[in-house]
Amino acid sequence: MQIREQLETVINDALKNALAGGSLNLEELPEAALERPRDESNGDWASTVALRVAKPAKKNPREIAQLIVDHLPENDLIDSVEIAGPGFINIRLTPVSYHAVLADVLKQKDQYGKGEIPEGMRYVNLEYVSANPTGPMHVGHGRWAALGDATARVMRHAGYDVYEEFYINDAGVQMDLFGKSVACRYLQILGQDIPMIENGYGGSYIKDIAQGVVDRDGDKWVAVDDDTRTAEFREIAYSEMLQLMKETLAGFGNKFDCWFSERSLYIEGPDGTSPVSRSIKAMDEKGYVYKEDGAMWFRSTAFGDEKDRVMIKENGEFTYFMSDVAYHYDKLSRGFDHLINIWGADHHGYVKRCEAMLDAWGRPGALEVMLGQLVNLYREGEVVRMSKRTGEMITFAELIDEVGVDATRYLMLSRSSDQPIDFDIEVAKKKDASNPVYYVQYAHARICSILRKAAPAGEAEAVVAGTTSMDELIEKLLADGADLSLLTHESEIALMRKMSEFGELVSDAARDRAAFRLTHYAQDLAALFHQFYTNCHVLGEDKELEKARLNLANGTRIVLARALDLLGVSAPAQM
RNA sequence: GCCUCCGUAGCUCAGGGGAUAGAGCAUCGGUUUCCUAAACCGAGUGCCGUAGGUUCGAAUCCUAUCGGGGGCACCA
């Protein structure tokens, strides 16, 4: 049980005692109202319950606070209590309660801070990136890749069952244009003097794909009719682009559970229905579908959308929105409790109509759209959009190549998704204090270094050589346990206090879909470790103290590594 | 015009009802016979965009307003 919950119980008991004794008059038991004071001089925890109930209880808040303090039950959690200001109850915890936190970390290891989400809210579909397979991913997609992955990791640690999905827009006009563009380049390479098609794709990667076909197939596709060639090139180009995206994302550490094809929405099953037809039927049955001007409409205005939306055009073609209707219906039918989509802020206008369709199916609120602000790329303060090398948009793959996965992820995640990011490539590449990712990683590496030094001769070398793992070494080294009550130094207590916040941080960050908070936490924890390192020598101290401190260092390592892992950033044992 | 995100230290941003508003960077000064100085310690900076309102209490909630980003198709 976490410290907050334990404290809540204690405060609740005090309130109950005061109520039972008749010294406090309230209709119902108020909440413990615990918070962490910003200023440490106001204690480890504070309750504002006295301020909150002053009015209904018709009493001065300081008097109420005193009553609560007088009725506190016996416990080994609270060291001292102080009534401050208008009626704050400031609580200082015993060292014992912090030692229990560390013991918990050491026991639970990477499971520390794991939460539980009740059945019925747990199974979540998270769809993100979903870049069109008609070109390489740009830097903005990278932000969604980092954000989606970290969100999934954080939510999983909080107890959700997250299913990560990538929606491939492999149907529709853009795909055809893409295929035609490559086919056109192909013919040009083979000497035909033809112009690029109207609205064709201009990037040099189109030529590269075409050249690839020339190298492989020669002039095999020159003599065939246009439709065959277009279809063939569309598939070739599509699979090449998709493969490229999969490789880039895998290299970035993303693992999607599903790559969902838009085309599949239009394929009829043995029963003669498709996701498209089923989704329309489900809407129609509730009365939200109508025909007008020869088109088929969704009455989204019934749910607050500013206008109704066309699903099937007058000419019989499906709109892009139709695909989304079918896609979301399909997701629902796969049994998810909740759907989350991560979109760029430029899709803001599209949200309402998508939420409306879930209303229409009787699942209001089941879809949550996370809108993230965009990424502005800089190099030494100057805006860059184009790559110097290719003269085209800098791709996500190029960015990772230049900056590295860890720094890219960390910087992409280090601020709220409501905030646009100014990503400076040169700053991201710096390996000094101005780059927070290395600050955090360095703390981890420092801890590992201490642990290696503490190991018997030969064993550390085995780790460096790779014949045993860091985990095995630590397991052996700390097998005896230690007397954690020796950890009483201010810097030691501060570290344990920070560790005690981890579980709550994870569950809050998961609830608020705010993975970026983990970056702040990691930096705070790293800073506290560096302070501890400076103030408290570990090796060569009194044997028992050394053991206790090694355990504290290892506990810090565990939590630090977990925090980094939730961000998808590596925790190096050496730097 | 409508919708939405944002406005907090020199810069980049946290904090989103609670106490004297924080962090990193940058700037200046200090610390190494000793576990990684990629570190630590010290110093300064704020009409929390503006004006009203709600509240015991507002940077935080509400309204208005100013400024900036993004969006408002039978396009995808």
Side-chain angles (χ1 to χ4, degrees), chain A residues 33 35 37-39 41-43 46-48 51-52 54-55 60-61 84-88 90 132 134 169 171-175 177 199 262 292-297 306-324 344-352 371-374 376 381 411 414-422 424 427 430-443 445-454 491 512 514 516-517 519-520 523-524 526-527 529-541 546 549-550 553 574-575:
Chain A
E35 48 190 63
R38 264 201 287 261
D39 189 339
S41 66
N42 289 326
S47 169
T48 56
L51 291 163
R52 288 162 197 265
K55 207 172 224 181
N60 175 318
F88 292 100
N90 292 342
N132 285 335
T134 52
N169 297 123
V173 183
Q174 291 304 318
M175 258 346 263
L177 272 178
N199 297 326
E262 181 184 356
E292 195 175 286
D293 301 334
M296 186 181 279
W297 298 74
E306 57 194 16
K307 65 190 292 286
D308 290 340
R309 305 294 171 177
V310 171
M311 295 190 289
I312 303 176
K313 299 186 219 174
E314 195 182 353
N315 63 11
E317 285 175 13
F318 298 108
T319 61
Y320 182 77
F321 180 62
M322 179 70 254
S323 287
D324 263 328
D346 52 340
H347 287 69
H348 153 70
Y350 204 72
V351 174
K352 202 88 190 187
L371 285 179
Q373 298 294 314
L374 307 175
N376 305 308
L411 291 172
S414 61
R415 61 206 40 161
S416 156
S417 49
D418 288 338
Q419 199 73 240
I421 290 185
D422 292 332
D424 193 310
V427 171
K430 282 190 181 149
K431 304 216 169 175
D432 60 24
S434 65
N435 201 342
V437 63
Y438 298 111
Y439 180 81
V440 176
Q441 290 184 322
Y442 179 57
R446 251 186 167 178
I447 296 170
C448 291
S449 169
I450 296 175
L451 292 164
R452 278 193 301 268
K453 280 240 156 63
S491 301
D512 301 337
F516 78 95
R517 287 186 202 152
T519 62
H520 295 284
Q523 273 161 261
D524 289 347
F529 178 77
H530 287 310
Q531 285 160 27
F532 160 78
Y533 181 91
T534 307
N535 297 333
C536 305
H537 207 87
V538 177
L539 301 178
E541 295 296 313
E546 178 183 303
R549 285 183 172 167
L550 281 170
Q574 281 171 273
M575 283 174 76

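Note that these values count all heavy atoms, side chains included, but never hydrogens, waters or copies made by symmetry. Per chain, numbering begins at 1; letters A, B, ... match sequence-line order. Note that the structure is a prediction, hence the values are computed from the model and not measured.
A 6.0 Å sphere centred on NZ of K352(A) holds no more than 12 heavy atoms belonging to other residues, nucleotides or ligands.
Across all strands shown, A14(B) remains unpaired; no Watson-Crick or G-U wobble contact has both distances below 3.5 Å. Shown here, C28(B) forms a base pair with G42(B); the pair counts as Watson-Crick or G-U wobble because both key distances fall under 3.5 Å. Across all strands shown, C34(B) forms no Watson-Crick or G-U wobble pair with both distances under 3.5 Å. Remark: C74(B) base-pairs with no nucleotide; criterion is Watson-Crick or G-U wobble with both hydrogen-bond distances under 3.5 Å. A 3.5 Å limit on both hydrogen-bonding distances identifies G53(B) as the Watson-Crick or G-U partner of C61(B). Across all strands shown, C66(B) is found opposite G7(B) as a Watson-Crick or G-U wobble partner, with both distances under 3.5 Å. Pairing for A21(B) is absent, judged as Watson-Crick or G-U wobble with the two contacts each under 3.5 Å.
At whole-Å resolution of the value, CG in L451(A) and P in C35(B) are 15 Å apart. Rounded to whole Å, the distance from CZ on R309(A) to C1' on C75(B) is 13 Å. R415(A) has its CZ atom 7 Å from the P atom of A14(B), to the nearest Å. Atom C1' of nucleotide C75(B) and atom CG of D324(A) are separated by 13 Å, given to the nearest angstrom. Protein atom CD of Q373(A) is 12 Å distant from nucleotide atom P of G69(B), rounded to whole Å.
When heavy atoms are screened at a 4.0 angstrom cut-off, K430(A) is found touching no nucleic acid atom at all. Within 4.0 Å of D293(A), counting heavy atoms only, lies at least one base atom of the nucleic acid. Looking at heavy-atom distances under 4.0 Å, F516(A) makes contact with sugar-phosphate atoms alone, never a base. Residue contacts for D524(A): at a heavy-atom cut-off of 4.0 Å it reaches no nucleic acid atom on any strand shown. Within 4.0 Å of P436(A), counting heavy atoms only, lies no atom of the nucleic acid at all. At the heavy-atom level, A445(A) lies under 4.0 Å from base atoms of the strands shown. Using a 4.0 Å heavy-atom distance criterion, R52(A) is classed as a base contact. Residue N42(A) is classed as a base contact, given a heavy-atom separation below 4.0 Å to a base. Residue contacts shown for K352(A) are absent, as no nucleic acid heavy atom lies under 4.0 Å away. The residue A443(A) sits apart from the nucleic acid: no heavy atom pair falls under 4.0 Å. Heavy atoms of C536(A) sit under 4.0 angstrom from at least one base atom. Nucleic acid contact class of S323(A) (heavy atoms, under 4.0 Å, all strands): none. Residue E314(A) is in base contact, counting any heavy-atom pair closer than 4.0 Å across all strands shown. Residue contacts for Q441(A): at a heavy-atom cut-off of 4.0 Å it reaches no nucleic acid atom on any strand shown.
Within the 3.5 Å criterion, the main-chain N or O of A46(A) finds no donor-acceptor partner in the side chain of E35(A).
You'll find that the side chain of Y533(A) is closest to A37(B), out of C56(B), A37(B), G71(B). Between C35(B), A59(B), G70(B), one nucleotide has an atom nearer to the side chain of I450(A) than all others, and that is C35(B).
Residue K313(A) places at least one side-chain N or O under 4.0 Å from the OP1 or OP2 atom of C75(B). For C40(B), the OP1/OP2 oxygens have a side-chain nitrogen or oxygen of Y439(A) closer than 4.0 Å.
Side-chain contact check for M175(A) versus E262(A): every heavy-atom pair is 4.5 Å or farther apart.
Residue whose closest nucleotide on RNA chain B sits further toward the 5' end, between T48(A) and A345(A): T48(A). Comparing E306(A) and K453(A) by the nucleotide of RNA chain B that holds the closest heavy atom to each, the one mapping nearer the 5' end is K453(A).
With centres under 5.5 Å and a plane angle under 30°, the ring of F88(A) is stacked against the base of A19(B). A distance cut-off of 5.5 Å between ring centres, combined with a plane angle under 30°, places H537(A) in a stacking arrangement with the base of C35(B).
Scanning atom types as modelled, one donor and one acceptor separated by under 3.5 angstrom connect the side chain of H348(A) and the base of C3(B).
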